[in-house]
Amino acid sequence: MTLTIPGFDHVRLPGADGVELAAAVGGSGSPVVLLHGFPQTHLMWRHVAERLAGEHTVICPDLRGYGASDKPAATGPEVYSKRAMAADVVALAAALGHERFALAGHDRGALVAFRAGLDHPETLTHLGILDVVPTLDMWDVLHGVRAAVGYHLFLMAQPPGLPETMIVNSADAYFGSFLDAWAADPAALPEPVRAEYLRASAAAVPSIVADYRASAGIDVTHDQADRDAGSQLAMPVAVVQQDWGAQLGYDAAAVWRAWAPDLDHRLTGAGHFMAEEAPDEIAGALRDLLLR
């Protein structure tokens, strides 16, 4: 049985291009959409969503290719481009009656949120980003042996076939390694939640790999086009991340400021799974964002 956020309704709604998304919806008030990361589902937002639901309508979808959402075959690079996934989110919100909404994302979901901010500036009121830099910048800051922390980015960028076979043959070990290595507080991922992430990820290997493969191809093309055009995020932006800049040798706030003139950049002592490890901190950062 799929785990979802207690007290929220679980629905299926149209995204883009005939794709349907599963989502947990709860609360009332101005809409906030929360996008999950890898290797997770919408369940990662359970604590933050409950904290925000008293003031907002909170919408937590599974991204296309993840969880209980549709997993279309990757017949071309655009199918799992962040542009297509951002269009899913805009369509999902519209199906719920929200033409404008705030959007926050973690990890892969943050890359989708970033693309939505560039492609749909008239739709997003606020943008929250947890623990990434944009795709184009991500490749720029990975250098030498320090890039080993992102080995999975290189593995899943390879042509179709070998990455999928390797991961399918060791799915629990592969996906579990990220849950173990990236959590500063393992207790934040209790066994039923960890098991749900492993189950959902093992059932979605081709689409997860396609998502990552897009980030080594078409997503870079889209980001570069926006950089060349001088495009920036028009809405208030909040970024919360670990101190990756110190670890990898770059100025994370400066990277984000080039894209987001109206920026609140914060570092956290929590691990990568910060919405689960430090939900009060993350909910507070999002509340601050929504007041701007």
Between [X] (side chain) and [Y] (backbone), is there a donor-acceptor pair under 3.5 Å?
X: D137; Y: V255; value: no
X: H42; Y: I59; value: no
X: T57; Y: G29; value: yes

Closer than 4.0 angstrom, basic N to acidic O: yes or no for [X] and [Y]?
X: R199; Y: E196; answer: yes
X: R64; Y: D211; answer: no
X: E281; Y: R266; answer: no

Out of curiosity, [X] [atom1] to [Y] [atom2], how far, rounded to the nearest 0.5 Å?
X: I218; Y: E78; atom1: CD1; atom2: CD; result: 6.0 Å
X: D219; Y: K82; atom1: CG; atom2: NZ; result: 3.5 Å
X: D243; Y: L248; atom1: CG; atom2: CG; result: 9.5 Å
X: M138; Y: W244; atom1: CE; atom2: CH2; result: 12.5 Å
X: Y151; Y: S177; atom1: OH; atom2: OG; result: 4.0 Å

Give me the atom names and distance for the closest heavy-atom approach of [X] to [Y].
X: R292; Y: V237; result: NH1-O, 3.0 Å
X: D119; Y: P121; result: C-CD, 3.4 Å
X: L21; Y: P61; result: CD1-CB, 4.5 Å
X: H56; Y: S30; result: ND1-OG, 2.8 Å
X: G37; Y: D107; result: CA-CB, 3.6 Å

pair [X]-[Y]: side-chain heavy atoms closer than 4.5 Å:
X: L35; Y: L103; value: yes
X: Y80; Y: P72; value: yes
X: D88; Y: L63; value: no
X: F273; Y: L179; value: yes
X: M156; Y: S215; value: no
X: F114; Y: L233; value: yes
X: D70; Y: R12; value: yes
X: P6; Y: E50; value: yes

Atom CE of M235 with >12 non-hydrogen neighbours under 6.0 angstrom:
yes
Please walk me through it: do Y197 and F175 pass ring-ring contact (aromatic ring centres under 6.0 Å, His included)?
CA-CA 8 Å; Y197 293 156; F175 294 115; over 10 Å; no
How far apart are the C-alpha atoms of H98 and R100, what are their side-chain angles, what is the distance that settles it, and do they pass the side chain to side chain contact (heavy atoms under 4.5 Å, CB included) test?
CA-CA 5 Å; H98 306 299; R100 284 174 54 78; over 6 Å; no
Find out whether the Lys NZ or Arg CZ of R46 is both under 6.0 angstrom from the six-membered ring centre of F8 and within 45° of the ring's axis.
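That pair does not qualify as a cation-pi contact.
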How about S69 and D62: does a side-chain donor come under 3.5 Å of a side-chain acceptor?
no
Consider only side-chain N and O atoms of E277 and H272, and report whether a donor and an acceptor are under 3.5 Å apart.
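Checked: E277/H272 side chains show no N/O donor-acceptor pair below 3.5 Å.
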Under the salt bridge (charged side-chain N to carboxylate O under 4.0 Å, His left out) criterion, do R194 and D172 qualify, and how do the steps go?
CA-CA 10 Å; R194 190 179 192 278; D172 282 358; over 6 Å; no
List the steps, then state whether ring-ring contact (aromatic ring centres under 6.0 Å, His included) holds for H152 with W182.
CA-CA 13 Å; H152 60 299; W182 293 348; 5.3 Å; yes
Results of side-chain hydrogen bond (donor to acceptor under 3.5 Å, both in side chains) for W139 - residues two or more places apart only
none
